[in-house]
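Computed from heavy atoms alone, side chains included, the values below leave out hydrogens, waters and symmetry copies.
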Amino acid sequence: MNVTTNSPAASTTRYPRLHRLQQHLRQVLLGKDEQIDLVVACLLARGHLLLDDLPGTGKTTLAKAIADGLHGRLARVQCTPDLMPADITGFSIFNQKTREFDFHPGPVFADVLLADELNRTTPRTQSALLEAMAERQVTIDGHAHTLSSTFFVIATQNPIDSLGAYPLPEAQLDRFSIKLQLGYPDRDAQRQILMRQVKTEQTTTEDASSPGDAMSLQELRELQEQAQRIEVHSRVSDYLIDLVEATREDASVELGVSPRGMLHWQAIAQAWAMLQGRDFVTPTDVVHVARPVLSVRLLTSGENVDDAIERILQSVVAPEYK
């Protein structure tokens, strides 16, 4: 199925703040416009992002740029086998003076959380993120603590070195909206990276990638609410349902898309339509975001996931929609 890519600047007129955030991220992560737009769509959809990529490809840089662009709080956790759940959620300590327990919040109490190499920590600690990602709250000592309404998790894992890794269970993978690979930059982008590094060492002036007034957290919340109101016609909904059912009926797919995954798929499609400057979702939007949405949740019996996704997309006829 051929997918027509809309102009990356289509949201400039209707959502100038959103466009500024995109431009800020493009200045920081060079040559990755498509991936950046999908990351922004994930952010608009109130989802969470899994980056399955090699070290040194800009994952940490991307997380920092998002937090800077939103003027939000960034927390980073380097996941290791000895990391405990309390190291992520927080813990209570008895105060001798007040004779009460004082709560010390963990890194989940940030606007953007980078969980680096999440598959390096134990399943017990991985599960500590489940409630935070799904409910945007954590329960500690029987008390529920609300997280930021814009809480956004960027988790990374190394697809090459599996020694000492704990694969993420399907229940946790289903909490992520999309999975992306940033990959290596092209030759022109690598040249710009080298030139930027030289300029950075030679001057102390503010870098061109400064976020400036890209977007505030309040503006992000308003845009997230607008994304939820993007119209999804009944024919587009039926098309999405047909695709979801096709993942469950495919012979090579052991685990298809769950109802939660279907909701993620629709939300990402709505956000993608918004990035194109439209207030309605088309079948093309559904197809365009299919691979990052499905790659994080489809479980196949030995077949390459991308091949299975392509076959499923080809097997369902898209409705005519204008």
Side-chain angles (χ1 to χ4, degrees), residues 15-29 35-51 58-79 83 85-91 103-118 125-126 128-140 144-156 172 175-180 182 209-228 264 267-268 271 274-275:
Y15 309 104
R17 292 285 185 179
L18 187 56
H19 179 65
R20 288 175 192 166
L21 177 62
Q22 290 173 285
Q23 291 302 106
H24 165 62
L25 296 180
R26 289 191 180 109
Q27 290 176 5
V28 174
L29 201 64
Q35 290 90 334
I36 285 173
D37 287 346
L38 286 168
V39 170
V40 174
C42 185
L43 188 64
L44 286 174
R46 301 180 188 268
H48 302 289
L49 170 67
L50 178 63
L51 293 177
K59 300 185 292 293
T60 303
T61 301
L62 175 64
K64 290 180 178 179
I66 292 173
D68 289 342
L70 298 173
H71 301 284
R73 297 166 296 165
L74 171 68
R76 181 180 183 275
V77 176
Q78 181 61 52
C79 297
L83 192 72
D87 296 326
I88 292 180
T89 60
F91 51 88
F103 176 63
H104 293 257
V108 292
F109 290 87
D111 298 298
V112 179
L113 171 65
L114 174 62
D116 210 359
E117 294 189 298
L118 183 58
T125 304
Q126 290 175 4
L129 275 177
L130 281 177
E131 182 184 15
M133 294 171 63
E135 307 295 338
R136 283 182 167 79
Q137 72 171 25
V138 292
T139 303
I140 301 172
H145 301 269
T146 303
L147 306 181
S148 168
S149 61
T150 57
F151 179 61
F152 182 52
V153 174
I154 301 177
T156 74
Q172 182 153 349
R175 259 69 176 185
F176 290 98
S177 292
I178 60 175
K179 181 172 74 173
L180 292 177
L182 297 178
S209 62
S210 172
D213 57 348
M215 187 186 298
S216 68
L217 291 173
Q218 177 59 34
E219 288 169 330
L220 173 61
R221 285 189 285 268
E222 293 172 357
L223 288 171
Q224 288 174 333
E225 292 174 359
Q226 291 182 49
Q228 288 181 312
H264 280 299
I268 294 294
M274 185 176 180
L275 287 177

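Closest approach of Val138 and Ala132 over heavy atoms only: CG1-CB, 3.9 Å. Across all non-hydrogen atoms, the minimal contact from His24 to Ala65 is NE2-O, 3.1 Å. Residues His48 and Phe151 come closest through the heavy atom pair CE1-O, 3.5 Å. Closest approach of Leu217 to Gly72, counting heavy atoms only: CD1-CA, 4.2 Å.
Remark: Glu135 pairs with no residue by the side-chain hydrogen bond (donor to acceptor under 3.5 Å, both in side chains) rule, at least two apart or across chains.
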side-chain hydrogen bond (donor to acceptor under 3.5 Å, both in side chains) between Gln23 and Arg26: does it pass, once the steps are laid out?
CA-CA 5 Å; Gln23 291 302 106; Arg26 289 191 180 109; 2.8 Å; yes
Chi angles and distances behind the side-chain contact (heavy atoms from CB on, under 4.5 Å) call for Glu225, Arg46:
CA-CA 9 Å; Glu225 292 174 359; Arg46 301 180 188 268; 3.7 Å; yes
Should Leu118 and Gln172 be marked as a side-chain contact (heavy atoms from CB on, under 4.5 Å) after you check the CA-CA gap, both sets of side-chain angles, and the distance that decides it?
CA-CA 11 Å; Leu118 183 58; Gln172 182 153 349; 3.4 Å; yes
Does the side-chain contact (heavy atoms from CB on, under 4.5 Å) test come out yes or no for Phe109 and Leu147, once each step is laid out?
CA-CA 6 Å; Phe109 290 87; Leu147 306 181; 3.6 Å; yes
Output, in order, the C-alpha distance, side-chain angles, deciding distance and verdict of side-chain contact (heavy atoms from CB on, under 4.5 Å) for Leu70 and Leu43.
CA-CA 11 Å; Leu70 298 173; Leu43 188 64; 4.0 Å; yes
Hey, mind stepping through Phe91 and His104 against ring pair (Phe, Tyr, Trp, His ring centres under 6.0 Å) and telling me if it holds?
CA-CA 5 Å; Phe91 51 88; His104 293 257; 5.7 Å; yes
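There is no side-chain donor-acceptor pair under 3.5 Å between Ser216 and His71.
Contact annotation: the side chain of Met133 approaches that of Phe176 to within less than 4.5 Å [non-hydrogen atoms, C-beta and beyond]. Between Leu21 and Leu220, the closest side-chain pair of non-hydrogen atoms is not below 4.5 Å. Contact check for Gln35 versus Leu29: no side-chain heavy atoms found under the 4.5 Å cut-off. Residues Leu223 and Met274 are in side-chain contact: their nearest non-hydrogen atoms beyond the backbone lie under 4.5 Å apart. When side chains are defined from C-beta on, Leu49 does not count as touching Ser177, because their heavy atoms never get closer than 4.5 Å. Side-chain atoms of Arg221 and Ser149, non-hydrogen and from C-beta on, do get closer than 4.5 Å to each other. A heavy-atom distance below 4.5 Å is found between the side chains of Gln224 and Thr150. Two residues are said to be in side-chain contact when any heavy atoms from C-beta on lie closer than 4.5 Å; Asp87 and Thr125 fail this criterion.
No donor-acceptor pair under 3.5 Å is formed between the side chain of Glu117 and the backbone N or O of Gln78. No side-chain donor-acceptor contact under 3.5 Å links His264 to the backbone of Ile178.
Put simply, SG on Cys42 and CD1 on Ile66 are 8.5 Å apart, with the number rounded to the nearest 0.5 Å. In this structure, CG on Leu44 lies 10.5 Å from CD on Gln228, to the nearest 0.5 angstrom. With rounding to the nearest 0.5 Å, the separation of CG in Leu275 from CG in Asp37 is 6.0 Å. Rounding to the nearest 0.5 angstrom, the gap separating the CZ atom in Arg175 from the CD atom in Glu131 is 10.0 Å. For the atom pair CD1 (Ile88) and CG (Leu129), the distance works out to 4.5 Å, reported to the nearest 0.5 Å. From Ile36, atom CD1 reaches atom CG of Leu62 across 7.0 Å, with rounding to the nearest 0.5 Å.
Between Arg76 and Asp116 there is a salt bridge, since a side-chain N of the basic residue sits under 4.0 Å from a carboxylate O of the acidic one.
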